[in-house]
Protein chains: 2
Amino acid sequence: MRVSLKDVAAHAGVSVKTVSNVVNDYPYVTAGMRERVQRSIDELGYRPNLTARHLRKGRTGIIALALPELGNPYFAELAAAVIDAAAAHDYTVLLDHTGGRREQEILVSQGFRARVIDGLIMSPIELETQDLRDRTEDVPLVLLGERDYDLPYDHIAIDNVAAARTAVRHLIGLGRREVAFIGDRRGRSEPAQLRVRGWREELAAAGLPADDGLVAATDGWGHADGAAAMTRILEAGRRPDAVFAYNDLVAIGAMRVLHARGLRVPEDIAVVGFDDVVEGRFGAVTLTSVSPDKEAIGRLAVESVLARLGGQSPEPRRFWADHRLAERESTLGRGAGGV
Amino acid sequence: MRVSLKDVAAHAGVSVKTVSNVVNDYPYVTAGMRERVQRSIDELGYRPNLTARHLRKGRTGIIALALPELGNPYFAELAAAVIDAAAAHDYTVLLDHTGGRREQEILVSQGFRARVIDGLIMSPIELETQDLRDRTEDVPLVLLGERDYDLPYDHIAIDNVAAARTAVRHLIGLGRREVAFIGDRRGRSEPAQLRVRGWREELAAAGLPADDGLVAATDGWGHADGAAAMTRILEAGRRPDAVFAYNDLVAIGAMRVLHARGLRVPEDIAVVGFDDVVEGRFGAVTLTSVSPDKEAIGRLAVESVLARLGGQSPEPRRFWADHRLAERESTLGRGAGGV
DNA sequence: GACGGGCTGTATAACGTTGTAAACTCGTGC
DNA sequence: GCACGAGTTTACAACGTTATACAGCCCGTC
């Protein structure tokens, strides 16, 4: 069995609480006593049992981060940001993946990790407002990604409509007139809808028609989905001169198809992605992408969830993280580009 | 405050233990009693406190997985495999990232998560044998990735030398004679050394010289490292006809440079990567790669660590997971290829 | 020289759960 | 009518920790 406070106390000939005091840097311990206890601690190799400590304290020091897809580097990079932000507050992150499936998202939001976590940060894909309304769990929850949940939860997002408009404006600025959108999900995803809306608004602002034949829906948001959607557009006889993709993976999948069919990026078709993942910086054609401030998102998420730990319920807030457009070869006009 | 067994017991007018028995499906509970207690549980919305349960039971139901880099899709995909395998045993995975830094790896192996996890699966990069010998923590540890630690820990790996030989043999089979290796780390990484050894052995077996000028060291194993190393080789005036990269990211970074300099893959230079990440299947030129059986690795890792949970210490074992060569365009010979 | 007050250390009781063992409730057999 | 045992429920202790409250001690003060 392992060494507990009791063992150390016996070894040093003091009370359990005194050892605890030394461990916790309680001020009223004489130097001599501190040293004597410390020696026993070192000798026996004592290390505190966090489970017990947290049972007593009511906190575990762990927050969960539920993401739809670890394989998507955007989420991996976001996870790194959250982990770092949590570490700055001495918190550890328990990573979950939901696969973006509603079933699983409900389970997680209902806290099937019951009581082992202090808070939950979740990036939902299919979760519905009603699912959250039904939530009984009292562990603080913070949502990532823009959704119009009208619910008392903090929310960290970037302005998807504005970001999409930035991307489309950039394409139009290159002289493109037929801009396709790849990665809609037929109403099952709010972020996708918002990006489509931004696409539509910006086209309208430029006096261009928003052609629904150029909006391609996908099942998921991986490389293969982008490739399939691009193929579908081309085989329908359409030949847009620009593509705005839901995310970088979709964009890269689409570019793969363009390349395979001999269409040049950006000369024939310019492409803009979303997320600014590292992968987009190393293809044969580097990818222009909307770049959300992942560090800010991670930091805000951790801070929001920790702020609610005390049990206080401040007004639910919506935080907007910044984004910018990282311009690269896939939309190269007269110059610019690079990594 | 939250609902505890005590509250439910009071509400139902029974003892705490009876409620516990109902919760745990203890067989000797009458149907009537079970129903009555269950009603109270539902009414009060009771949910067990895992911290307390685990303090009592000595297990937390959590295993940690320490990986060097979440941003590398190989590790993300591996993590998914581990999470799935753990879920099959009702275990949850706590994900750590060490950044591949020795300092951090030591910390993790020494269990700074002290007592909150039942076991640890770790994929070390810089960790030394001595660091593990100094390990005092008694949480079961399983190592991923091939290292020649002569230590009593289970080990899951693929045969790196054999895998590297397969890759190089494939290149030689295409008629290539000058095969570069990109991604050595000057003795600081055992897997890299083993892959270099495989490269060397296979060249020797084919009667070809192993030219050290064609072995490029890198600082890390990301896209940028591959790009930098490839640039160095070319600027040294070398022009190999094939490249075997430490992993896919390095390979993709190298291909980016080749493309930028107008060298064609595979016509001028064939490329083989390692890990078979999804990203490699969607570049302009799809990437041939050594494909480790990630599901098997995840499953074996979880099973090994759980097997040691009881405190028994069976002989440390070394498990070999399978690998195969996934052939794609970057080594296209006379036919073949595809996704 | 008794008294008050700041400094140290300790005994005890929790936190919420489950294992152990004992106690209670029946129906059955003699 | 009573012992017996199988079935059911309970009291208690324990997991390892920390909060609370208190008991000494030393010191300076009146």
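Chain naming here is simple, since letters A, B, ... match the order of the sequence lines and numbering starts at 1 in each.
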Could you check whether [X] gets within reach of a base, just the sugar-phosphate, or nothing at all, counting any heavy atom under 4.0 Å?
| X | answer |
| --- | --- |
| A/N21 | base |
| A/T18 | base |
| A/S4 | sugar-phosphate |
| B/Y26 | base |

Provide, to the nearest angstrom, the distance between the [atom1] atom belonging to [X] and the [atom2] atom belonging to [N].
| X | N | atom1 | atom2 | answer |
| --- | --- | --- | --- | --- |
| A/Y46 | D/dG16 | OH | C1' | 7 Å |
| B/M33 | D/dT10 | CE | C1' | 10 Å |
| B/H54 | D/dC15 | NE2 | P | 18 Å |
| A/L5 | C/dG9 | CG | P | 16 Å |
| A/K6 | D/dT17 | NZ | C1' | 12 Å |
| B/N49 | C/dG16 | CG | C1' | 6 Å |
| B/R36 | D/dT8 | CZ | P | 15 Å |
| A/L55 | D/dT18 | CG | P | 11 Å |

Please determine, for the side chain of A/V14, which listed nucleotide (C/dC7, D/dT9, C/dT10) has the closest atom?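 So the side chain of A/V14 is nearest to C/dT10.
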
From D/dT17, C/dT17, C/dG9, nucleotide with atom closest to B/A52 side chain: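 Per side-chain heavy atoms of B/A52, the pick is C/dT17.
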
Identify the heavy atoms of A/D293 and A/A321 that sit nearest to each other, and give their distance.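 Answer, listing the atom of A/D293 first, then A/A321: O-CB, 4.4 Å.
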
What heavy-atom pair brings B/A79 and A/L70 nearest, and what distance separates the two atoms?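 Distance-wise, the nearest heavy atoms are CB-CD1, 4.4 Å.
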
Taking only side-chain N and O atoms of [X], does any of them lie within less than 4.0 angstrom of OP1 or OP2 on [N]?
| X | N | value |
| --- | --- | --- |
| B/T51 | C/dT17 | no |
| B/R53 | C/dG16 | no |
| A/S20 | D/dT18 | yes |

Checking A/K294 side chain against A/Y74 main chain: does a donor-acceptor pair fall under 3.5 Å?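 Looks like no, no N/O pair under 3.5 Å.
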
Taking atom CG of A/N21 and atom CG of A/N24, what is their separation to the nearest 0.5 Å?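 Reported value, rounded in 0.5 Å steps: 7.5 Å.
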
Straight-line distance of A/I83 CD1 to A/L78 CG, nearest 0.5 Å: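 Spacing of CD1 (A/I83) from CG (A/L78) equals 10.0 Å.
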
I'd like to know if A/R56 reaches the base of D/dA19 with its side chain, counting only an N/O donor and acceptor under 3.5 Å.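 When only heavy-atom distances are counted, A/R56 does not reach the base of D/dA19 through any donor-acceptor pair under 3.5 Å.
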
Base D/dA19 paired with A/K17 side chain (donor-acceptor, <3.5 Å):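 Yes, a donor-acceptor pair under 3.5 Å.
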
5' priority, DNA chain D, between B/V16 and A/N24 [closest heavy atom]: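 The residue closer to the strand's 5' end, by nearest nucleotide, is B/V16.
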
